[in-house]
Amino acid sequence: MKSDPATFAAPLRALGGALRSSEPVRAVPAPSAAALLLEEAADLLVVNLDFGAALRTCERAWQGLAEEPAGASLEVKCSLCVVGIQALAEMDRWREVLSWVLQYYQAPEKLPPKVLELCVLLYSKMQEPGAVLDGVRAWLQDPDNQGLPEYRSLAELHLQRVLLPLGLLSEAEELVVGSAAFSEKQRLDALQAVSAARQQQTHGHSGSEETRTLNQEASPRSLPFLYKLAQIFQRIREAMSPPLCQLPIQH
């Protein structure tokens with residue numbers, strides 16, 4: 001019985017149409033070992049709720065990445081941090097988060113913006129913004145970071161979640177006035193926030209209603225994490241498959 005060539009060509013149309021006989025078949029690169037471990041860690045975190053195993057799997061993946069070039073697998077590295085941070089928070093080991101990520105990036109100014117943002121949200125939520133003060137300072141002062149699109153949002157977060165709660169109002173003003181990342185309106189709004197904080201400080205107020213609420217409700221499990229679980233898995237899929245070879249995700 002003769003085989004129908006259309007039968008073999010059909011699955012290839014999903015990748016952009018049937019291939020001509022003269023065109024070579026492009027093989028889909030196999031996902032790296034670190035990407036596979038990332039997927040396993042995400043399953044352990046989200047499906048199995050085995051937070052310790054998820055963290056250990058992330059650490060195994062990082063060991064493999066140590067042998068790759070510094071610029072390789074940036075999305076995998078960032079996603080491993082997200083899963084690891086969430087696992088530590090779920091185990092009430094949130095105090096270890098900053099030191100855990102720094103063991104892989106060595107210096108705070110080298111942290112990916114989203115990872116640093118997540119650290120700021122975590123420590124400010126747990127009422128320990130001072131733990132990230134020096135790290136965010138170093139990140140914002142690094143010339144390589146000042147041109148990043150995330151720079152302004154991190155500067156605003158540092159202002160609202162770290163400097164103002166710590167009462168570092170002069171430093172907050174210097175950040176706003178000295179940074180070109182703020183538009184004129186954003187600068188005025190930020191300076192108004194600093195002025196309001198100074199008035200509260202002058203009149204002896206202990207903090208805003210929001211701060212008092214956070215003191216009552218602080219819990220690492222209630223963190224507004226930047227990545228929803230669906231976004232984590234989307235990043236994992238992107239890390240494991242090159243864009244040209246990806247199939248559309250069915251919903």
Side-chain angles (χ1 to χ4, degrees), residues 11-12 14-15 25-108 110-123 125-126 132 135 150 219-251:
L12 299 175
L15 295 175
V25 177
R26 291 181 299 175
V28 178
S32 68
L36 292 173
L37 286 172
L38 170 60
E39 185 176 29
E40 179 183 341
D43 281 341
L44 288 167
L45 175 74
V46 179
V47 180
N48 296 20
L49 303 181
D50 191 339
F51 309 123
L55 182 65
R56 291 190 296 272
T57 303
C58 288
E59 291 169 344
R60 284 168 50 208
W62 271 107
Q63 290 173 2
L65 286 170
E67 302 174 359
E68 297 188 12
S73 306
L74 295 179
E75 289 296 329
V76 172
K77 292 176 180 179
C78 187
S79 296
L80 285 170
C81 284
V82 172
V83 174
I85 289 170
Q86 173 113 24
L88 285 167
E90 292 288 355
M91 294 186 291
D92 202 24
R93 292 170 54 188
W94 56 270
R95 290 181 178 85
E96 303 173 33
V97 161
L98 189 58
S99 61
W100 186 79
V101 296
L102 285 177
Q103 71 179 317
Y104 301 116
Y105 286 96
Q106 284 74 54
K110 302 302 182 185
L111 289 173
K114 294 299 183 182
V115 172
L116 182 59
E117 191 173 356
L118 192 55
C119 289
V120 173
L121 288 173
L122 170 60
Y123 284 95
K125 179 72 174 179
M126 300 310 296
V132 293
E150 300 91 347
S219 166
R221 293 179 179 83
S222 65
L223 282 171
F225 280 111
L226 300 176
Y227 293 89
K228 297 178 181 178
L229 297 179
Q231 290 172 306
I232 292 177
F233 284 115
Q234 176 64 25
R235 292 175 71 88
I236 292 171
R237 281 192 290 267
E238 291 172 355
M240 292 181 65
S241 300
L244 289 176
C245 301
Q246 283 183 328
L247 294 174
I249 299 171
Q250 299 297 324
H251 295 286

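Residue numbers run from 1 in the order of the sequence given. Nothing here was measured: the structure is a model prediction, and the numbers come from that model.
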Worksheet item: Hey, are Gln86 and Glu90 close enough side-chain-wise for a donor-acceptor pair under 3.5 Å?
Response: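 Present: a donor and an acceptor within the cut-off.
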Discussion item. Less than 3.5 Å apart, any donor N or O on the side chain of Gln103 or Trp62 sitting next to an acceptor on the other?
Written reply: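 No, no side-chain donor-acceptor pair sits under 3.5 Å.
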Worksheet item: Looking at Arg93 and Glu96, does any basic side-chain N land under 4.0 Å from a carboxylate oxygen?
Response: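 Judged by the 4.0 Å cut-off on N to carboxylate O distance, Arg93 and Glu96 do form a salt bridge.
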Under 4.5 Å between any side-chain heavy atoms of [X] and [Y], yes or no?
X	Y	answer
Pro112	Tyr105	yes
Tyr123	Val132	yes
Trp100	Cys58	yes
Met91	Leu55	yes
Phe51	Arg56	no

Can you tell me how far the [atom1] atom of [X] sits from the [atom2] atom of [Y], to the nearest 0.5 Å?
X	Y	atom1	atom2	value
Leu38	Cys78	CG	SG	10.5 Å
Lys114	Glu150	NZ	CD	6.0 Å
Glu39	Leu44	CD	CG	11.0 Å
Cys119	Glu117	SG	CD	10.5 Å
Leu118	Leu111	CG	CG	11.0 Å
Leu122	Arg95	CG	CZ	10.0 Å

Worksheet entry | Glu40 and its side-chain contact (heavy atoms from CB on, under 4.5 Å) partner, picked from Asp43, Leu37, Leu36 |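 By the side-chain contact (heavy atoms from CB on, under 4.5 Å) criterion, Glu40 pairs with just one of Asp43, Leu37, Leu36: Leu37.
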Discussion item. Using every non-hydrogen atom in the two residues, find where Leu98 and Val101 come nearest and quote the distance to one decimal.
Written reply: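 Looking at all heavy atoms of both residues, the closest pair is O-CG2, 3.2 Å.
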Discussion item. Testing the basics here: between Val83 and Ala42, what is the closest heavy-atom pair and its distance to 0.1 Å?
Written reply: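 What the structure gives for the nearest pair is CG1-N, 4.4 Å.
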